[in-house]
Amino acid sequence: MNKKITYPYIPNSVEEVKKEMLEEVGAKDAAELFKSIPEHLRIKGSLNLPKAKVSEIELKEFIQSKLNENQSCEEYTNFLGAGCYDHYVPAVCDEINGRSEFLTAYCGETYSDHGKCQAIFEYTSLIGELVDMDVVGLATYDGGQSAGTAIRMAYRLTGRKEVLLSENISSQLMMQLNEYCDFMDIVKIKYDKTTGNMDLNDLKEKISDKTACVFIENPSYLGTLEEKAEEIGTIAKENGAEFIVSVDPSSLGVIEAPSNYGADIVCGELQPLGIHMGYGSGLGGILACRDEEEYIMNLPNHFYSLYENNKGEFGFLRSINSRTSYHSREKGVEYLGTNVGLWAITAAVYLSLMGPEGMYELGRNILYIGNYAKRKLSQINGVDVKFKEGNIFKEFVINIDNSGKTIEEVNKKLLDKKIFGGKDLSNEFESLGQSALYCVTEKTKKEDIDKLVEELDLILNS
Amino acid sequence: MNKKITYPYIPNSVEEVKKEMLEEVGAKDAAELFKSIPEHLRIKGSLNLPKAKVSEIELKEFIQSKLNENQSCEEYTNFLGAGCYDHYVPAVCDEINGRSEFLTAYCGETYSDHGKCQAIFEYTSLIGELVDMDVVGLATYDGGQSAGTAIRMAYRLTGRKEVLLSENISSQLMMQLNEYCDFMDIVKIKYDKTTGNMDLNDLKEKISDKTACVFIENPSYLGTLEEKAEEIGTIAKENGAEFIVSVDPSSLGVIEAPSNYGADIVCGELQPLGIHMGYGSGLGGILACRDEEEYIMNLPNHFYSLYENNKGEFGFLRSINSRTSYHSREKGVEYLGTNVGLWAITAAVYLSLMGPEGMYELGRNILYIGNYAKRKLSQINGVDVKFKEGNIFKEFVINIDNSGKTIEEVNKKLLDKKIFGGKDLSNEFESLGQSALYCVTEKTKKEDIDKLVEELDLILNS
Amino acid sequence: MRDKKLRNFHEAKWDEPIIFELSTKGQRGILLPEVEKDLEKEFGELENLIPENLKRKKKPELPELAQPQVLRHFLRLSQETLGQDINIDIGLGTCTMKYSPKINEQFVRNPKFSELHPLQDEETTQGILKIIYEFEEIMKEISGMDSFSFQPGGGGQAIYSNAAIIKKYHEDQGEGEKRNEIITTLLSHPLNAAAPHTKGFKVINLMPNETGYPSIEDLKEVVSEKTAGIFITNPEDTGIYNPIVKEFVDIVHEAGGLCVYDMADYNGLFGIARAKEANIDLCHFNLHKAFSSPHGSMGPACGAQGVTKELEKYLPVPRVDYDGEKYYLNYDKPNSIGKLRKFYGVIAVVLRAYAYVHTLGEKGLKEVAEISVLNSNYLIKRMLKEVKGISAPWGNKDEYRTEQVRFSWEKLYKDTGVNTDDIDRRGTDYGLQGYFQSHHPMIIPEPFTPEPNETYSKDEIDEYVEIFKKISEEAYENPELVKTAPHNAPISYLNQPIIDDPKDLIVTWRVYKKKKGIK
Amino acid sequence: MRDKKLRNFHEAKWDEPIIFELSTKGQRGILLPEVEKDLEKEFGELENLIPENLKRKKKPELPELAQPQVLRHFLRLSQETLGQDINIDIGLGTCTMKYSPKINEQFVRNPKFSELHPLQDEETTQGILKIIYEFEEIMKEISGMDSFSFQPGGGGQAIYSNAAIIKKYHEDQGEGEKRNEIITTLLSHPLNAAAPHTKGFKVINLMPNETGYPSIEDLKEVVSEKTAGIFITNPEDTGIYNPIVKEFVDIVHEAGGLCVYDMADYNGLFGIARAKEANIDLCHFNLHKAFSSPHGSMGPACGAQGVTKELEKYLPVPRVDYDGEKYYLNYDKPNSIGKLRKFYGVIAVVLRAYAYVHTLGEKGLKEVAEISVLNSNYLIKRMLKEVKGISAPWGNKDEYRTEQVRFSWEKLYKDTGVNTDDIDRRGTDYGLQGYFQSHHPMIIPEPFTPEPNETYSKDEIDEYVEIFKKISEEAYENPELVKTAPHNAPISYLNQPIIDDPKDLIVTWRVYKKKKGIK
Ligand SMILES: Cc1ncc(COP(=O)(O)O)c(C=O)c1O
Ligand SMILES: Cc1ncc(COP(=O)(O)O)c(C=O)c1O
């Protein structure tokens, strides 16, 4: 059969065309095009890569057989959350982010990509309503990146280097912050073992005029709602520190927006808003702040500002670019690269579909099923629900120290029943012993919980 | 919770809006809008329908759980064909027929739907090249409908009512023709039991000046290539009859186009050209004919004719509409309704992707694997391949009378091995005894055949 | 917010060549696997596998393009198309261009459906068989009929199938020869005349009178012992509900004929009126209309065919039956008219319709009917009040129309010389798909038949009205502008040729090249 | 066929309101299930489940629309966007806007991938872990580096991660305080300056000379015992390959610094030149460029970060390891810089890149390099020959550029007053996405940086040249036409305001309303 392949993705790999073009550029062969690359920089011989599957048939079979080695949350009942969430993704979200135009656009701007720019403006506008703030930046890499940037903003705003945050922060986020804010001092505040809330006494003790910011998550990583949020904000402000709140956007139909209890900067994970998990591919970061010059000038991400021309047309322009590293290289506030535009557009579609009532129902359903799960699990012999006095949103911690079993064992057994048990916290928080972080979403049904309870009971008590 | 539902698909189901609109039309409530419908024609009470799953979450879970009760050809190795084929569908075909614009357009025409019209013109143009004919109609319901229409065209062209076709026609198609051409006389011609080809002596005997057409399938339903096609055509013409050939378009990269061995009208099944099986949803009919007035005037389907205006722009217009029932009601040639526009566009994408070389490789690969399968299966003890002397394209018949087993038994056992065995012919052609029609496509691999042979051997010989 | 009534629109215009013009010899859009070495060894040259006289001598002259260029070409064409998803698709009356929920597309694209072969062992298709079975139950309840087939691949084929059953029925009564006339109304969809005629019947078309439907007297005049049946579309394209349909049915029944309802345009009647109450014998629904399957640039579609118990045995085979344990395809129906289509039918459409009914339920479907009729009457009210030169002939002015209406631009045409074609084309300049005027013959002059089904918002209907207000103004002030429209479409006016001579027909690129003498 | 050089284009223009303007109180785009009765019974009112002071007092003022209208709105916006799939996207040089195969989208949308939670038991994710593992092997071979992480969510984050490793490395050497300077070149992507600076380094930018790259002397001048490392993009945006890069590396190594290659623009070098041969310590590739993942309106993306054996221990955690039986996520890397991102990274991009490399293989990737460089030089040749007013500053005129080039419209600007912004906007009138001019500072006047990668056909490149020929002619003949462009875009010229005062910033609709005094 043909030896020389004409590649479907490479139109000019047709021999005759290639020859014609080589002639036009005056090269005798393709190798000549690379003559400016010195010999010592060249690859010797050829690369040792897997045999090409040039046909789409072979490629599809090959990749699909690999993917079939995975078991997904569509096949299992999932109780994993901990930063990436199994929310329902409306079909319209998939439709829009699958549109060729959005999927394959990039940094084209105001005119040719008017639609994309408007969708991005709508994203920031919709997030603005959700968090009740006026200034929102284009989505960042993930919620952790937003948290890191928020904290760095606090540093730039206050000139101070100390960050106060709760001990119950996730190890993943802690590692991110340790890395991104390594020049700052991160100090952990104790939390109440019955409610999960921040220990205000400890906070008051540790806060000082060195404190750049107090950072809280609401709900916290361990699932509890931070009831003292407003007081924490007040304490922060009394000490001249910024108050940063990381939110779960899926809670904001029912839970107060942080700006209304004092937040200066709001961050959070975008993925719950209509984006598939994709093994973590769906993450994105929310970032919003006060409509004040110093905040705006310190936010490093793109702003697509609305502009109205004399014909009454709206256009959208990347604005105040001097802040960004694209424009000012090392003088920009932090670095800025390609982030997650497609997820911003997807979240815009999601919020437009949901509206205020949808977001309300979302929060409502999660609260009911979450509390049901918490209560039911707590009734299992050998299960102890942590932070019982506190309120939860969609996650909560169970402890099984009394059963003498480990979470690892239990989860393996649940796996046999096609259940992904809660995230094992035993390595993450030694103080919590054999604990797991369980997560529900609006997709979780009462019968899922009942089945879980039945299986857990069997595993622990027989 | 809310009793009154506002439906996502019904924007004006918002109470206030509804009220405002009712006011505008001067009705006190919705019921009043139906006052022109007399009481005796009304439904009494309300319909007894399944409880609404108003949320997309519930709906998706409900439908998906039903679909999960199916096992598909993606999970099993499939050897079923017999009129619907498991060919590879390129991703680009799915992308284009999934585009909102094509998916949800309808009968809009020349201006607003220029793109759709052009795509349809390209469909007819591409089929024209494939079958090497100048006149092609928009795709029909399915290959059987095209066959029926071709035969009716022959009646209108000749004024004669007799149809000659081979005994080896499928029962499905035969039932379709019996129904659609019930006013005609369908006479079956014997076929050679060693080659599967039409028995020319029998043909000569039966043909007469009453014969409207000789209809052949090439390849035949039983998989054999009709080597005597040209002679059949000559005989038909000598008797003033139309020569109609039904083709498998997937063969036309390697097998001669019927027009080149004398066909007057060409029909065939479109589904192999990039369309998913979908339990038979993917069918469509090819219909092409000579570029002669009487043929054109007798073809009942839409023609989108190219027209060039004085600016050099191309537009596409539905043409010679007086033929169609849309225009002429009962005076049109046959009836014409909504057919399969989306599959026509899909086939256009497919043929554009494949090009001459792709269609060649498609035919080539099928021929190799088909002949391999035929040879290998014939070597199994207890398996007798029928029509051994003939050539096949992608299907062939095996007989297991010698094994004392039935195809039904064998297929049930293959099913346990995740194999869909060939179509059971035992009811369809009693003369063939316990026979099955096996089908391969370009997706079939040598190892699939080897596995099949192994399993069949086990089933028949152990 | 901003007070904008009309949008400043331009449809995507790519000036895209015909795909053949984009060909470059040697380019490949997709590759197939090489032939496995063992096979090549076993059989040698490809020639060995094809009889000499069947070898294709010249490869088909398909265009040769790489994959990105094929994709780009068809994407551009898609942008030059105004599907329901993207435009206010109210204009295509009688077509019920409603929203087709995107979630349903996920269902039909799930390999658990898309990769099903219709001949699979029923053990492996219980899911889809159950859906078909249950959907038959649903359709029975919605219509009051006793039995359904989903085999017809569209409304036309369903009407045809109904005609086939009528024929078979009379044959079974020994009246096959005698009863060879079908009656229909001129405003019924043309298929109600064409399909019975294709089935071999003589067709009688009843003219409407000023009520919008024929009179009882007109009917009586044509009914006879030759009458095989009557095909009635109710409501007809005018959106006028025929209130004396039961009387029609009785008359035809009395004469020994069967009565068929064309319920393709059922959208305004869910939960309100059914075939059963009108004593109908056969009917059909277009699942691609009232039941929301997308129209797919003209199919694939499904005509759900419903009949009474008495006629059930005639339905096409196979039927989906349930033996108490499993669902199966039943071909054992000796009285059946046989098959219209290979295998079962366009089950993708059934699957979507099944999902659609399940998500709306009884209340939701009734809401569909109410809002679609409300939308329609709201549109009519505003149009007649605010758009100069338009009227809605026939009917009782005090009564509401159902889900659609046939307007006439007769006055505007007389006043300005601008006709319905011109207005139609001009609509595209405002972002509208070409509208449906009327079936032939066009007995209402300069017709225009909109259907603002329940999936359009009041704002959209208002925008729609504003557009025609504006076009009417333009017609009175600057008729040339309208007559030379479109100006913002993918192509400009073609001088509207009508190609009616086969010699002018160019349906393939090869013919164009021949005519132009291009090699 | 028909001899048409330029297309008569108009982009879709929908004049679409802001989504908030489309809101109607009460409308719903999607519904959620009702709360199960038992749960309501168990907990009573929702209020019981929320602490009083955390109850949302005022629901978020999101717009309220029904589902068809939400869909329609965003579909229209999509049509007003010129993605790579639909336009000849040569203009965005340095971005490698190549075809992203549609088959790969099927892979990432398969629930077997899209519904994976990153914390699932590894038993249930062996397929994806294997893909990551094997792709690391592939990247090692392509680059010659010893180890890879795919955690960075884009090129920027990969550069940042490289800076973080350099910092950690020097700290481990006890030189953390001392080595606080990073050198880069002014034509390297701005992130090569910004990311190290974000990591705490002082940054020194080397200017290019007329060769297009800095001289050895320039480098020597800034290298010192403070040098932590150097970040070089090679080839730089100009498409000029720096042939003395090895000398640069040697000098920095000698001074105790580490050397980083930015291989984001690797497309022209597959199989030709690697990081390894240049003795590089760290590098990164943009999988969303040379490896074909779609750019997604600006991400999600993946920066594949490669390092030498010596630096492997610093890579972010987790890494994917294989214990001979199964693949697993390894967090046990005490020297790691830690985490840049939650969980592993944007694995969707890795999955696509994996498929991409598998379908092309070694020969195919080399073909990518050759054709992308050939396309680029073909474009340069025709542009310089045929387009009046354009030039390609710097470089050796006898040598070929790699896969991209930076042109200058300086002469055209001087001759006509039409600048690169004007030309850029005018390009959209011919169906082109806005082009990339240059990063800042723009040291080449009136810059324009096209990159005609291997997925464009010769015909498309020819069309592209014709467009700029035409625009240049227009600039000379009718400069106003170009200066007031675009004329065929979704919106017309905005008088190009630059918003640089925070007071003028309107990034949310609520701010617009406030400024306008709208309630
Ligand atoms: C009343 C009526 N009957 C029949 C039909 C024909 O249905 P189809 O187009 O599916 O063949 C239509 C569709 O336009 C219709 O409106
Ligand atoms: C050379 C080079 N380096 C780095 C980057 C930044 O990559 P990203 O946009 O993914 O952050 C780019 C992308 O434009 C680039 O061209």
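Computed from a predicted structure; not experimentally measured. Just so we're on the same page: letters track the sequence lines, and every chain starts at 1.
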Contact part of D:Tyr99 toward chain A, heavy-atom cut-off under 4.5 Å: side chain, backbone, both or neither?
side chain
When D:Ile371 is tested against each of A:Leu33, A:Asn12, A:Val17 for side-chain contact (heavy atoms from CB on, under 4.5 Å), which residue passes?
A:Asn12
For the ring pair A:Phe420 and D:His117, is the centre-to-centre distance below 6.0 Å?
no
Applying a strict 4.5 Å limit to non-hydrogen atoms, the region of D:Thr508 in contact with chain A is both
Exactly one candidate in D:Arg28, D:Lys59, D:Gln27 meets side-chain hydrogen bond (donor to acceptor under 3.5 Å, both in side chains) with A:Glu357; the answer is D:Lys59
side-chain hydrogen bond (donor to acceptor under 3.5 Å, both in side chains) evaluation trace for D:Glu42 with A:Asn371
CA-CA 10 Å; D:Glu42 183 136 6; A:Asn371 277 286; over 6 Å; no
Cut-off 3.5 Å, side chains only: do A:Ser46 and D:Lys366 have a donor facing an acceptor?
no
Tell me, side chain or backbone of D:Lys342 under 4.5 Å from chain A's heavy atoms, or both, or neither?
both
Once rounded to the nearest 0.5 Å, what's the spacing between atom OG1 of A:Thr338 and atom CD of D:Gln157?
11.5 Å
Short side-chain donor-acceptor distance under 3.5 Å, A:Gln71 and D:Asp121:
no
Please identify, among D:Leu365, D:Ile86, D:Asn110, the residue contributing the most non-hydrogen atom pairs under 4.5 Å to chain A.
D:Asn110
Of A:Glu313, A:Arg42, A:Glu69, A:Lys18, the largest count of non-hydrogen pairs under 4.5 angstrom with chain D goes to A:Glu313
Which atoms of D:Leu191 are under 4.5 Å from chain A, going by heavy atoms: the side chain, the backbone, both sets, or neither?
side chain
side-chain hydrogen bond (donor to acceptor under 3.5 Å, both in side chains) for A:His276 and D:Glu115? Distances and angles first, verdict last.
CA-CA 6 Å; A:His276 292 281; D:Glu115 304 309 314; 2.6 Å; yes
CG on D:Leu119 to OH on A:Tyr279, rounded to 0.5 Å:
8.5 Å
Say whether D:Tyr160 and A:Glu179, considering side chains only, have a donor N or O and an acceptor N or O under 3.5 Å apart.
yes
CG/A:Asn411 to CD/D:Glu123 distance, rounded to the nearest 0.5 angstrom?
11.5 Å
Decide if the gap between the ring center of A:Phe102 and the ring center of D:Phe74 is smaller than 6.0 angstrom.
no
Check the pair A:Ser112, D:Glu11 against side-chain hydrogen bond (donor to acceptor under 3.5 Å, both in side chains), reporting the backbone distance first and the verdict last.
CA-CA 8 Å; A:Ser112 64; D:Glu11 194 170 342; 5.7 Å; no
Atom pair OH (A:Tyr106) and NE2 (D:His288), whose distance is rounded to the nearest 0.5 Å
4.5 Å
Drop me the distance from A:Thr110's OG1 to D:Ile491's CD1, to the nearest 0.5 angstrom.
6.5 Å
